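Convention: sequence-line order gives letters A, B, ...; per-chain numbering from 1. Keep in mind it's a predicted model, so treat the numbers as computed, not measured. Values reported hereafter were calculated over all heavy atoms of this structure, with side chains retained and with hydrogens, waters and symmetry mates removed.
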2 protein chains.
Amino acid sequence: MTDPIPPPTADDVLAAAARIAGHAHVTPVLRARTLDAAAGCSLHFKAEHLQRAGAFKFRGACNAVGSLDAEAARRGVVTHSSGNHGAALALAAASRGIGCHVVAPEGAVATKLAAIASYGAVLHRCEPTLAAREALCERLRVQTGATLVHPYIDRNVIAGQGTAALELLQTAGPLDVLVVPVGGGGLAAGTALAIAHAAPATRLVLAEPRGADDTLRSLQAGRRVEDLVPDTVCDGLRGLLGLPNFGILHRHRSGGAPVEVIAVDDADTIAAMRRIAVHTKQLVEPSSAIALAAVLANRSRFSGLRVGIVLSGGNVDPERLPWQS
Amino acid sequence: MTDPIPPPTADDVLAAAARIAGHAHVTPVLRARTLDAAAGCSLHFKAEHLQRAGAFKFRGACNAVGSLDAEAARRGVVTHSSGNHGAALALAAASRGIGCHVVAPEGAVATKLAAIASYGAVLHRCEPTLAAREALCERLRVQTGATLVHPYIDRNVIAGQGTAALELLQTAGPLDVLVVPVGGGGLAAGTALAIAHAAPATRLVLAEPRGADDTLRSLQAGRRVEDLVPDTVCDGLRGLLGLPNFGILHRHRSGGAPVEVIAVDDADTIAAMRRIAVHTKQLVEPSSAIALAAVLANRSRFSGLRVGIVLSGGNVDPERLPWQS
């Protein structure tokens, strides 16, 4: 974690697309007339909750595992993750027949932990702090010789996440705006790279929980804000924006505009998740629904546009849907 | 309701497919490795919960409305329905620009009633008995001159429902078995006609709630059992098997075998609905999940087979998922 990480480029996204082809699903793009009418624009949902292991995270994990040479692969991989990246890396490792260690904090979503274990990874629990996660992860890395695959600042991971936007643009055709959720920023940065290559006129909008709005504040300040104490129902978006991702997003311009961040209230996110369930029959995570919530809370800014949305994952616990608590 | 109804044939299903093309969605066929592993067979889910108005019912309603001549169409349509057929007919009528009256019993699922109203139909409430529904429906028919489109014994409705199986067989290729839920039997009878035409070797299995098992008893007895007092969580399957549907199912043979009925406990249906939510991220009704439950409760009978399942609808109230009550 002390090495400077060379940020990935659009070429890395294209290489990732080639590397994960046949391993990751080409997920469908869903439409819903009722939601179009409610939003006043045409919505194109990239259904990454239908990706393998139930989230876009498989793209990055698959690309990272596929990039290992034979000798590194033999020693396996290690990561820390509260959920989807851990499950994705476990599945990617199992698919290549190599070992995987996942450090997960206490308090993570139970169904996500069950998924990690079901794919055959060794699960290590720790205190729910970033310091505890990184320390245990480093110890495991040194002990086993496994390659660290960081959930959102690994360059292969970032590049892999960008492939979702590539496919969406290919299927849906030209989009005025692409809205993706932002937490650690792997998807956001990968999407920026994909847009720069494939659709330089498409504006990039990030949806961020108001209770974890470090990306909004970082891009406004022009420097990375690090005093995040996340308070949001979006369990996948509690991470601090990664350093290379900040750089990519800070530099990005498309459609002549910088990256825009919309802070979203949890109540709006939960309402959007419920609407998606009722009108599309799709069960997605709050961390996914936040992108639709950002549009619905700002109808005038999206009016009449062709809007792409990445539904990032669907690993919710059906016993604990957030509108019921 | 006093006229004898000439039962539809496979030709009527083919005519329905042509009539609804471009109006009804060609829904996707979903696969899920985890569920295949759990069931010990390969499952092909026809995603009719993604059909317009959220259920296969739109196929039959659209075919019935599309079959009206201009003069009959001008007088509109009327039906009684506790939910999905009512919403489907309302949408089909609205799409043709004609009037629609729906008689719905007290106690119907709130989201289904809201859908009926949202498509612009006039909603009439009545006591939750078949007699009350039919009486009010007949009064409206006489008053308005509207054509009655019965939810499951109308020949155009039965023929329309069969088109889901046609498409499934076309997309999934040869199937050993096709499992569909049975209530009033419109889908079951339409599927039997479709199989007889398109895949005479494919066995037909019906999944029926144990608490509403009149079809099982009727086919065993060789005569229509009418003493049904339904007690099941499957709100779409509480109807008595319709007379023409009994005839079609009683006569049907495919793969050398008669129609088989599997009675399913509600607890198994609810567990299957939860599994579908977790492993496919799809929100389907108990009345749909019952088909997977029938397979999972009888693994040895389906072992190694290619099994088609019609996921019939997805209009659940996300506030009241059955595993939470």
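Looking at Thr280(B), the atoms closer than 4.5 Å to chain A (heavy atoms on both sides) all sit in the backbone: N, CA, C or O.
We find the CZ-OG1 distance between Arg52(B) and Thr34(A) to be 9.5 Å, quoted to the nearest 0.5 Å. Rounding to the nearest 0.5 Å gives a distance of 8.0 Å between CG of Leu321(A) and CG of Leu283(B).
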Worked verdict on Lys281(A) versus Asn315(B) for side chain to side chain contact (heavy atoms under 4.5 Å, CB included): CA-CA 8 Å; Lys281(A) 323 305 178 193; Asn315(B) 294 321; 2.7 Å; yes
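Counting heavy atoms of neighbouring residues, nucleotides and ligands inside a 6.0 Å radius, atom CZ of Arg31(B) exceeds 12 of them.
The two residues Val278(B) and Pro318(A) come nearest to each other via the heavy atoms CG2-CG, 3.5 Å.
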